[in-house]
Every structure is written in structure tokens, then in C-alpha cells.
A.B. asks: 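Please find one structure pasted underneath; my questions will follow.
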Amino acid sequence: MKILYGTTNQAKFLSMARITESLGIELISLRDLNQPLPEIDETGNDPLENAEIKAKAYYEAFSMHVFSCDSGLYFDGLEESMQPGTHTRRVNGRELTDEEMIEYYSDLAKQYGGSLIGRYRNAICFIAGEKSCFSCMDASLETEPFILVGEPHAKRNDGFPLDSLSIDIATGKYYYDLPERSVDESAVKRGFRKFWEKVMEDLKEKNP
């Protein structure tokens with residue numbers, strides 16, 4: 001089954017492709033379409049609302065199976081007005097580059113004693129037809145809690161800048177210094193895989 005992934009972030013596209021490759025899903029990126037993209041105003045109050053807004057817009061534009069994801073970053077003890085939420089990359093009305101994000105969140109951690117406990121809450125919305133929509137934003141799609149620190153690791157991962165500031169709570173080590181681990185892996189990937197397994201099972205039952 002070919003499914004359009006409504007994202008322009010190549011790192012996120014490749015990550016999801018690895019999750020779905022063994023499930024009979026062939027992902028297509030927005031770049032593959034080589035068509036003008038609709039302008040989307042992500043006005044949702046949480047990641048799920050934004051994922052639904054994006055998926056519906058791409059479905060209406062391209063009339064094909066499509067899904068979109070969205071995420072929000074939330075820190076323990078941070079006042080509501082300071083929570084990044086769904087605007088992790090947008091600060092003061094401006095989209096930050098990877099390096100600008102590292103600088104901004106490094107400074108934020110330093111303002112709170114050098115570290116903050118955070119987690120990403122993720123959501124996904126898949127539209128398979130006019131009357132077939134699947135969405136999820138439960139705990140299975142949340143990252144494990146992690147420590148955001150003020151001193152960045154030297155390593156960079158394009159598209160995932162805050163990995164450079166993230167430390168594993170259990171070991172006290174940067175994720176980059178642990179074998180085959182990063183903030184976006186483990187529980188979240190299992191959660192997305194379970195979502196797709198359930199979706200594919202439901203679609204087979206509807207279309208035997």
C-alpha cells in the first residue's frame with residue numbers, strides 16, 4: 001500500500017519508513033509528488049489537532065492515502081506560558097534552524113538551574129478515505145522522560161537538534177553516548193508500529 005507522509009522533514013520521513021517497511025507500506029514523501037503544497041495553518045491546541053489539520057489538508061489536495069504527525073514538547077515545572085508545546089521550533093513567531101534551537105533550549109535549561117525534565121507527546125492521523133480516518137495520541141506515543149541540559153553534545157542529527165541536549169535519566173549520559181539509543185527511539189517507535197499494525201488489520205477486515 002502506498003501512503004503519502006505529509007512532512008517535508010527528511011529525517012522524520014526516513015525514521016517512519018524504517019518503522020513501516022516490514023508492514024507492506026510504501027511511504028511517499030511530499031518531495032516525491034513534485035507538486036505545489038497547500039498552505040496549512042497549524043492552529044490546533046495540541047499535537048493531535050495539528051496532525052488532523054495537516055492530514056485533512058493533504059488528503060483534500062492530493063486525494064490519496066495520507067497521514068501526518070505532530071508533536072509537542074513539555075517540561076516538568078515550567079510555567080504554561082513557557083511550554084514549547086506544539087511550537088517546539090517556532091519561537092517568538094520565527095522558525096528556528098537546528099543550531100538556533102540548540103542555542104535557545106540550552107539557554108532555557110540554564111535559566112532553570114542547568115536542566116529540565118521533559119518528554120515529547122506525539123500524535124498521528126491517517127486518512128484512508130472520506131469515511132476512514134485513524135488517529136492516536138495516547139501514552140504509547142510519548143517519549144520516555146529525559147533531561148534537557150544547557151551544555152550541548154558535539155554530535156548533531158539533522159532534523160532532531162534537541163537530541164544534542166538530551167540526557168538519559170537512568171544513566172545520566174547523553175543519548176549519543178549510549179549504544180543505538182536516542183530520544184526519538186524505543187517506546188515511541190514501538191507505539192507507532194502498533195498503531196500501523198492495528199490500522200493495517202482494520203483495513204484488511206474492511207477490505208478482505
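Excluded from the calculations below are hydrogen atoms, water molecules and symmetry mates; all remaining heavy atoms, backbone and side chain alike, are included.
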A.B. asks: Measuring only between side-chain heavy atoms, which start at C-beta, is Phe62 closer than 4.5 Å to Leu37?
C.D. replies: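 Yes, their side chains come closer than 4.5 Å.
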
A.B. asks: With heavy-atom distances below 4.5 Å as the criterion, would you say the side chains of Met16 and Thr7 are in contact?
C.D. replies: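 A side-chain contact under 4.5 Å is absent here.
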
A.B. asks: State which residues pass side chain to side chain donor-acceptor pair (under 3.5 Å) with Lys194; sequence neighbours excluded, sorted by chain then number.
C.D. replies: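 Expected list: none.
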
A.B. asks: Give a yes-or-no answer on whether the side chains of Glu99 and Thr97 include a donor-acceptor pair shorter than 3.5 Å.
C.D. replies: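 Side-chain D/A pair, Glu99 to Thr97: absent.
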
A.B. asks: Quick one: are Glu205 and Glu201 in side-chain contact, heavy atoms under 4.5 Å?
C.D. replies: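 They are in side-chain contact.
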
A.B. asks: Side-chain contact, heavy-atom cut-off 4.5 Å: Asp76 with Arg119?
C.D. replies: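 Yes. Closest side-chain heavy atoms under 4.5 Å.
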
A.B. asks: Same cluster or not: are Ile28 and Phe67 linked, directly or through other Ile, Leu, Val, Met, Phe, Trp or Tyr residues, by side-chain heavy atoms under 4.5 angstrom apart?
C.D. replies: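 Hydrophobic grouping puts Ile28 apart from Phe67.
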
A.B. asks: Applying side chain to side chain donor-acceptor pair (under 3.5 Å), can you list everything that pairs with Gln35, at least two apart in sequence or on another chain?
C.D. replies: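 For Gln35, no residue satisfies side chain to side chain donor-acceptor pair (under 3.5 Å) once neighbours in sequence are set aside.
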
A.B. asks: Using modelled atom types and a 3.5 Å cut-off, is there a donor and acceptor pairing between side-chain atoms of Arg89 and backbone atoms of Leu96?
C.D. replies: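 At least one qualifying donor-acceptor pair exists.
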
A.B. asks: For Pro38 versus Ala61, what's the shortest heavy-atom pair and its separation?
C.D. replies: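 Heavy atoms only, the tightest pair is CG-CB, 4.0 Å.
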
A.B. asks: Between Asp177 and Lys155, does any side-chain N to carboxylate O distance fall below 4.0 Å?
C.D. replies: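 No, this pair does not count.
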
A.B. asks: Can you name the one residue among Tyr120, Tyr174, Tyr74 that meets ring-ring contact (aromatic ring centres under 6.0 Å, His included) with Phe146?
C.D. replies: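 Passing option: Tyr120.
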
A.B. asks: Group every Ile, Leu, Val, Met, Phe, Trp and Tyr by side-chain heavy-atom contacts under 4.5 Å, then state whether Leu33 and Phe13 land in the same group.
C.D. replies: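 Cluster IDs for Leu33 and Phe13 differ.
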
A.B. asks: When you measure from the side chain of Asp98 to the backbone of Gly159, do you find a donor-acceptor pair of N or O atoms at a distance under 3.5 Å?
C.D. replies: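 Yes; judged by distance alone, with no hydrogens or angles, the pair exists.
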
A.B. asks: Check whether Asp168 reaches the backbone of Lys173 with its side chain - one donor and one acceptor, N or O, closer than 3.5 Å.
C.D. replies: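 No.
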
A.B. asks: Show every side-chain hydrogen bond (donor to acceptor under 3.5 Å, both in side chains) that has at least one partner inside residues 57-66, sequence neighbours left out.
C.D. replies: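 Found none.
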
A.B. asks: Are the side chains of Asp70 and Leu48 in contact, using a 4.5 Å heavy-atom criterion?
C.D. replies: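 No, side chains not in contact.
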
A.B. asks: Any donor-acceptor pair under 3.5 Å linking the side chain of Asn157 with the backbone of Phe160?
C.D. replies: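 No, because the side chain of Asn157 does not come within donor-acceptor range (under 3.5 Å) of the backbone of Phe160.
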
A.B. asks: Look at the side-chain heavy atoms of Ile, Leu, Val, Met, Phe, Trp and Tyr, link any pair under 4.5 Å apart, and say whether Leu14 and Leu27 land in one connected group.
C.D. replies: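 Yes, same cluster.
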
A.B. asks: Hey, does Leu203 have a side-chain heavy atom less than 4.5 Å from the side chain of Phe126?
C.D. replies: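 Side-chain contact under 4.5 Å: yes.
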
A.B. asks: Looking only at non-hydrogen atoms, find the nearest pair between Leu141 and Ala123 and report the distance.
C.D. replies: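 Looks like CD1-CA, 4.3 Å.
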
A.B. asks: Test Asp202 against every option in Lys206, Lys204, Lys198 by the salt bridge (charged side-chain N to carboxylate O under 4.0 Å, His left out) rule and name the one that passes.
C.D. replies: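 Single pass found, and it is Lys198.
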
A.B. asks: Check whether any side-chain N or O of Asp32 sits under 3.5 Å from a backbone N or O of Ser29 as a donor-acceptor pair, and report yes or no.
C.D. replies: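 Yes; judged by distance alone, with no hydrogens or angles, the pair exists.
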
A.B. asks: Could you state whether Met137 and Ile19 fall into the same hydrophobic cluster, counting links through intermediate Ile, Leu, Val, Met, Phe, Trp or Tyr residues with side-chain heavy atoms under 4.5 angstrom apart?
C.D. replies: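 No, no single cluster joins them.
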
A.B. asks: Where the side chain of Glu42 meets the backbone of Ile53, is there a donor-acceptor pair that is under 3.5 Å apart?
C.D. replies: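 Absent.
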
A.B. asks: Tell me if a side-chain donor or acceptor on Arg156 pairs with a main-chain N or O of His153 at a distance below 3.5 Å.
C.D. replies: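 A pair under 3.5 Å: yes.
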
A.B. asks: Are Ile3 and Phe195 linked, directly or through other ILVMFWY residues, by side chains that come within less than 4.5 angstrom of each other?
C.D. replies: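 In one cluster with Ile3: Phe195, yes.
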
A.B. asks: Quick check: do Cys69 and Tyr5 have side-chain heavy atoms less than 4.5 Å from each other?
C.D. replies: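 Yes; the side chains approach each other to less than 4.5 Å.
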
A.B. asks: Counting only heavy atoms not in Glu100 (residues, nucleotides, ligands), do more than 12 fall under 6.0 Å from its CD?
C.D. replies: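 Count over threshold, so yes.
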
A.B. asks: Under 3.5 Å, is there a donor-acceptor pair between the side chain of Thr88 and the main chain of Pro84?
C.D. replies: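 A pair under 3.5 Å: no.
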
A.B. asks: Do the side chains of Lys56 and Cys133 get nearer than 4.5 Å, heavy atoms only?
C.D. replies: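 No, their side chains stay 4.5 Å or more apart.
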
A.B. asks: Checking the side chain of Thr20 only, and the main-chain atoms of Leu23 only, is there a donor and an acceptor separated by less than 3.5 Å?
C.D. replies: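 Not confirmed, Thr20 side chain does not pair with Leu23 backbone.
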
